[in-house]
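The chains referred to below are lettered A, B, ... by the order of the sequence lines, with proteins before strands, and numbering in each begins at 1.
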Amino acid sequence: MGALRLPSPAGTAVAVIAAATALLTLQSWAVIAVDAGDYLNPLLLLAVLVAGSGLALRAVRVPRPVVPLGQAALVALLFHHWYAGDGARLGGWLPTPSGIEGTLDTLRRAVEAANQQPAPVPADATAFPPLMVACGAAVVLLVDLFACTLRRAPLAGLPLLAAFTAPVSLIGGVPWLTFALAATAFVLLLTAEQAARLGRWGRNISGPAPLRGGVEPQEVRLATLWPAASRIGVAGVGLAVLAPLALPTWDGFWSSGIGPGDGNGDGSVTVENPMVDVRRDLLSSADMPLLAVRTDDPTPAYLRISVLDEFDGAAWRPSERDIPPTNEADGPLPAPPGLSETTPRTEHDYAISVTSVFRSRWLPTPYPAASVRAPGDWRYDDKTLDVLGVGGTDASGIEYRAVGLTLDPDPAALVNAVPGPQSLTADNTELPDSMPDWIETRAQELTAEGRSDFEKAVILQQWFREDGGFTYSLDPGSGTSLEQLELFLGTGEGSRRGYCEQFASAMAMMARTLNIPARVAVGFLRPEQELDNYWVYSTRDMHAWPELYFEGTGWVRFEPTPQTQARTVPAYTSGQVPAPEDLAAPSASTSAPEPTVTRTRRDDLLGATSTDEEGGLPGWLVPGAVVLILGGLCCFVPRAVREAQRRRRYDEDDPAEVAEAAWDELRATALDLGVRWDDTATLRRQALALVPALGPSHGPTGGGPDETRRATGALESLALLVERARYSQHPLDEAGQEQAQEDSRTVTEVLVDVADSRTRRRARWLPASLWRGRRPVQRRRDGGRGTGRGAGQVEGVDRVSV
Amino acid sequence: MRTTFSTLTTRGRAFVVAGATAIVSAVVVGLDDLTRIGALLLLLPVLTAVALTRGQHRLTLTRTVTPHRLTAGQTATVELDLRNEGRVPTGLLLLEEQVPYALGVRARFVVDRMGSRWHRTVSYAVRSDVRGRFTLGPMAVRVHDPFGLVELDRTFTSTADLVVTPKVVPLPAIPLEGVWTGSGDNRPRDFVGGSAEDVTVREYRRGDDLRRVHWRSSAHAGELMVRREEQPWQSRATLFVDNRRHAHRGAGLGSSFEYAVIVAASVGLHLAQRGFRVRLVTAEGHDTDHKWHDHAAGTESGPLLESLALLGTVARTTIDTSWLSDAHQTGLQVAVLGETLPVDRAALSRMRHAASTPLAIALDTEQWQRSMGVVPAEPAALGLLTATGWRAVAAGPQAPLAGVWQQLGLLSRRGRSGASAAAPTIGASGVR
């Protein structure tokens, strides 16, 4: 402990700016929960507390390590006050064992809530905010520790980066304005820290000398640094905000997590994984009504929200949708893929109104639907017939109409279905490389008796519902990763328990191992009837089920979830499955027990798709080539300009300017080669300064001593000629002019020869003289002044160019 | 581009590397926000470096040191006149003057804002307890950006020399026989037998002897001119300092050699003030004082002190007396001696015989080696000196120099040298 010392203005500025930077960065967390104020407001108070206590502790000069400990203790006390719950005494300001236990409990519950709730966390998850407050407090403490206590502002970027990437990885994006504000604050923090650092260097002598007895200020003020810093900082932040436009990311190759679709094309849309909502809604205490449907369908049932048609081992998720703006969901939809005209169907009208709590970016629609008319920017996807909201459109509170088709496929048609189009089959039978073989083997063992793909699918459904000994339970956590599905399908501890999510995705995965195109649909299972023709779907009705593709009928729904939850199976799967008409051909290959056979087939399919893609030139190739060619041409521009300049200088007509032009060319060459050139020096000094660049006068390397000596002579002669041209009464005669040009050529040649190849290349392609600007004019007319300047150099004055 | 990169500080390089990494991973993973962060990290140092290297400005520096020569323990002021002759710079300038360790801390200045015609004079003080010649400067200029990402290093070339002369003790005036005894060298002499070219003339003043009128010059000048028939001959003194390493004890500022230098400086200055022309001679022989016969130079003590400031010990064993071969007598001879050996007898004897007045201060070097407070025994050198005819006194580290000098004066007045007379007096002066 030492004497009290008021914190320096620079130190105070650093502390305040560090807190502000942390807060602005934490604003990016606003997207994590619906009601972000629950944790952002406490964090504001925490940041003020941390900055203030840090300043106070440093002012009383406690040892360095104590400062962060003191700050952390204060934060912990505040936590105790807020979250101790019943065990608190004196409003929680006095830590008690029971209070500490209560605080830890609150945090534990928050972690639990975070694990259950997908982002964005809904407003009713009251247990969640304490976790965010704790994480935010850690960020604020670390930023203050690095920037103020340790005086290493750049290190403060690490916790800030961590805080910033959290919402980026959870939600997939943060508004650019949030980034810009946080980045500007960080730049300001760097500047403030630099000001504080430089203030310790020495006396600040920028201002006028102090009066006698006065003391020069020691500190460097932030205000004087900020103009320069802001120019660079604002330019940097602005360019950084625009950087994603210049650096397109490769979404096509590396599909990343939950809805990473980005706005790089006009039509594409950010997608989110609706699967994670299912469990949350099934678990939720209140059975809230989500949709009210008025329909002429006597038994409305499955209402689809979205389709997960990609399985990468980590989860089932929606594939990238590339939806052109013309696909407005305001009328008839295209025909469902694979559905033939002959399949029997009935049409039903749906008028659906969504309650305000259901914030979905996907529109619940019957599948297949013949038409959808929805207000707002809703678009349909050609392949899946999903309806998505564009640009943040969500479904809460809207009303829309749809026409659904209820199909009644003939099992015989399904049994005799031919394989679908190759591109569709290839996409929808894709499995991650890490698939263990035993799942495929198990699927083949189970379905060995199946004579057709459809029959196999029915067998699988039956296995999941009854034969496999599966139980319906919400206990396993959410998730459809390969590990979870392995556990689900296995026989060990905790296996064969799950809910619709696991049933649906496991069946779809097994179907894919059998080369049946399969995907997982998410939506509502069945409504409850409120009135005649008036039905209500609520949170508990959320459901997931697999869809398998059979040519002629298209995507066909199955129901592997046991009876306790899904009471019935689709009608076409309930009866006896007929034998295929042509038994020999399809089943011989599909039901072959050896895995190798099916592998081969899959490889063929992949091969086929890749040849398919080679059909035409990729769309990006032509503009890419144009850009390349234009870029290549641009590379020639500086060189061409410089060469034209050189020719012009040596073709100078005006006799008064010939020597000057020759000297200009010499200067430009020197600048190109990176030789120092002082425009304010006298001619002779300039010439003298150039001599070392002409190579070693006595040495084995370079252009040889002879060359160097010749060039040095030429340089001397040229300097004298230019002097004469500038200052002499009589301008140069023709011989003198020629001599000047000749000298200039000699010197520049040797200059170039002596330079190393790298410098020479740079001089040729990126001549620095082009942007060093023109030489200040010193012509005959003001020659007198010119000499005066050269001679008037004060003895003992030292110069440095910085 | 490469030079731009080389201006980056470690922090700047870390930013570039982190930014590039972030961009690459952002492109691979497909996160736009990470791209932004990476772009910011990459752009900041690059933009800063470009902005900083473009801001060409010229600084001029004029350095004035007052006083140019300084006695050890005194303070000199260095004045720096800084001027910006170029454009407004974009960065901050950190100026650091290279100051030798012995002179104090390096002077450091910050310039955070600077107009295009900025001009400022700053000063800092230097002080040294060690004699010698020191170099101030050159001044290093470091250009910083507002973020600490880029740093440009430049250096002015000029330096200033500062000579710190040894400490000097004022000495009391003592009768110096050399001045009064008629050894010719020390008395103004008539100008006799000079050729016409040697004649110097001045205007006629009332009271001048008419026989002295120089008619030819009077005709030339149009008024009466008289011959200056006397020419001032200055009194000469030779100061000998024994700077052989083995003759001294102790190290650094507390060594007997430093004390010898202080004694020599004090005596030299004292003699110069009394009108003597003093030359310095060391064990290596004639010093560089070529102005011995230069009448134009006054009794300037500067060169002498400067020589003493730079004087160091030498590793020779004998005293070079070749300078004695001069035809002239040395006049007053003051020797500051350390430990003497029997070998030196011949040299001391020669020196004594060349001088009209031989005075010697023999340092009791044993006392610099022993612990303080031991009663000094008579140094062995004293015996040798008296035997060869010097008027010598001994001096220890505690003895006030003024007292020693007065003691020497007493010996001179008595006209004889003698250790027996000197020893008790020194003891008394040691007690003060």
Given a strict heavy-atom distance threshold of 4.5 Å, which part of [X] is in contact with chain B: side chain, backbone, both, or neither?
| X | result |
| --- | --- |
| A:T165 | side chain |
| A:W176 | both |
| A:L161 | side chain |

Practice problem: Using a cut-off of under 4.5 Å on heavy-atom pairs, state which of B:L95, B:L149, B:D81 scores highest against chain A. | Solution: B:L95

Exercise. Just give me the residue among B:R83, B:R11, B:R106, B:E96 that pairs up with chain A most often, heavy atom to heavy atom, under 4.5 Å.
Key: B:R11

Interchain contact, [X] with chain A, by part (heavy-atom threshold 4.5 Å):
| X | result |
| --- | --- |
| B:S25 | neither |
| B:T155 | backbone |
| B:L82 | side chain |
| B:I23 | side chain |

Quiz item: Would a distance-only check, ignoring hydrogens and angles, find a side-chain to backbone donor-acceptor pair under 3.5 Å from A:W201 to B:F109?
Solution: yes

Self-check item: Atom pair CZ (A:F179) and CG (B:D33), whose distance is rounded to the nearest 0.5 Å
Solution: 8.0 Å

Self-check item: Nearest-0.5 Å distance, CD of residue A:Q194 to CG of residue B:L92
Solution: 6.5 Å

Practice problem: Quickly, which of A:L239, A:V237, A:V174, A:V241 forms a side chain to side chain contact (heavy atoms under 4.5 Å, CB included) with B:R36? Name it, please. | Solution: A:V241

Self-check item: Partner of A:I205 under side chain to side chain contact (heavy atoms under 4.5 Å, CB included), chosen from B:D112, B:T121, B:V111
Solution: B:V111

Practice problem: Please examine the side chains of B:R108 and A:R203, heavy atoms only from C-beta on, and report whether any two atoms are closer than 4.5 Å. | Solution: no

Quiz item: Can you find a heavy atom in the side chain of B:F147 that is under 4.5 Å from one in the side chain of A:E193?
Solution: no

Quiz item: How close do B:L40 and A:A183 get, heavy atom to heavy atom, and via which atoms?
Solution: CD2-CB, 3.5 Å

Quiz item: Where do A:A243 and B:A39 come nearest, in terms of heavy atoms and distance?
Solution: CB-CB, 3.5 Å

Self-check item: Atom CZ of A:R152: over 12 foreign heavy atoms under 6.0 Å
Solution: no

Quiz item: Which is it for B:L44 and A:I232 under the side-chain contact (heavy atoms from CB on, under 4.5 Å) test, yes or no, and what are the steps along the way?
Solution: CA-CA 7 Å; B:L44 265 190; A:I232 299 169; 4.3 Å; yes

